[in-house]
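Read through the structure below, which is laid out as structure tokens, and then see the notes.
Numbers for residues simply follow the sequence, beginning at 1.
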Amino acid sequence: SSEADIMDLPEPVEKEKSAPTPVKEEVAAPTLVTEPVVEEKAPEPVATRAAPIVPEEPEPEPAKKSTNYFAIGAILAVLVHLVLKINAHYTSPLGPGDSLASGRSRGVCGLLAICPLTSCDVSTAVMGDDGVFTVSQGEDVVFKIAGKVCGEDDADCVDGLAIDEDGKITIGGSRVKTLTKATVDLKPWPFTEDVTLPKTFL
């Protein structure tokens, strides 16, 4: 009976094998490579030194400059004129109406006498305080005459050498006497052609 029972049992139903569940392969999403975002830093303020404040100098007025130059030029022109005038008087020969006071002198070279390169023959005429008029050429005395010395109380006396309008020479208002006869020509220097030269001078 047990075998019959076993035989009568329904055959075991085989379980349907379930189809294997397909495994989905996960595809990795492409990785996007992104560059790191660099934040731009704001420029740092540069410490600057404040330039020292220099006070502006006022510009000189051109009018004043031109005025100064004009004034300097005018002064120089006057000085040059005076020097040339004095030099011309100093070098001029003595003629009618001229005089040479005691202690005064004349020179034929004038300003050229101080120039070492000059070829001028230095000649001088000096009226001394002793009433003697001397003409020298270099260091040599070439002519000398003497007259009167005016006194302090003599207001009418003409001091030094004087030549009147007729060309006559006097010293101290009196006639002259020759101490040294001339060894050179006395004309045209120190006397002009209009001056009367006595024979005792020559």
Any heavy-atom pair between the side chains of Val80 and Leu82 that's under 4.5 Å? no

In terms of hydrophobic clustering (I, L, V, M, F, W, Y; side-chain heavy atoms under 4.5 Å; direct or indirect links), are Val184 and Phe133 co-clustered? yes

Please examine the side chains of Ser105 and Tyr90, heavy atoms only from C-beta on, and report whether any two atoms are closer than 4.5 Å. yes

In terms of heavy-atom contacts, Lys144 and Val132 come closest through CG-CG1, 3.4 Å

Rounded to the nearest 0.5 Å, what's the gap from CG on Leu161 to CZ on Arg104? Could you check? 14.5 Å

Distance, nearest 0.5 Å, that separates CG of Leu197 from OG1 of Thr178: 10.0 Å

Hey, does Val122 have a side-chain heavy atom less than 4.5 Å from the side chain of Val108? no

Give a yes or no answer on whether the side chain of Lys181 reaches the backbone of Phe201 with a donor-acceptor pair at less than 3.5 Å. no

One should read off an interatomic distance between His81 NE2 and Leu76 CG, to the nearest 0.5 angstrom, of 14.5 Å

In short, Met127 meets Ala101 closest at the heavy-atom pair CB-O, 3.5 Å

Should Ile171 and Val126 be regarded as members of a common hydrophobic cluster, given that ILVMFWY residues are connected when their side-chain heavy atoms come within less than 4.5 Å of each other, either directly or indirectly? no

State, yes or no, whether a side-chain contact exists between Pro190 and Arg106 at a heavy-atom distance under 4.5 Å. no

Quick one: are Thr124 and Thr134 in side-chain contact, heavy atoms under 4.5 Å? no

Qualifying side-chain hydrogen bond (donor to acceptor under 3.5 Å, both in side chains) pairs, either residue in residues 154-172, two or more places apart: Ser102-Asp159

What are the two closest heavy atoms between Trp189 and Thr91, and how far apart are they? NE1-O, 3.2 Å

Under a single-linkage definition using a 4.5 Å side-chain heavy-atom cutoff for Ile, Leu, Val, Met, Phe, Trp and Tyr, are Leu179 and Val141 assigned to the same hydrophobic cluster? no

Any side-chain heavy atom of Lys199 within less than 4.5 Å of one from Leu202? no

dist Cys120:SG -> Leu111:CG (nearest 0.5 Å) comes out at 11.0 Å

Contact check, side chains of Phe191 and Ile169, non-hydrogen atoms, under 4.5 Å: yes

Nearest heavy-atom approach of Pro93 to Pro188 is CB-O, 3.2 Å

Any link between Ile145 and Val142 through a network of hydrophobic side chains (Ile, Leu, Val, Met, Phe, Trp, Tyr) touching at under 4.5 Å? yes

With hydrophobic residues grouped by side-chain heavy-atom distances under 4.5 Å, do Val149 and Val158 end up in a single group? no

Say you draw a straight line from OG of Ser92 to CG of Leu94; how long is it, rounded to the nearest 0.5 Å? 7.0 Å

For the residue pair Thr192 and Pro96, establish whether any side-chain heavy-atom pair is separated by less than 4.5 Å. yes

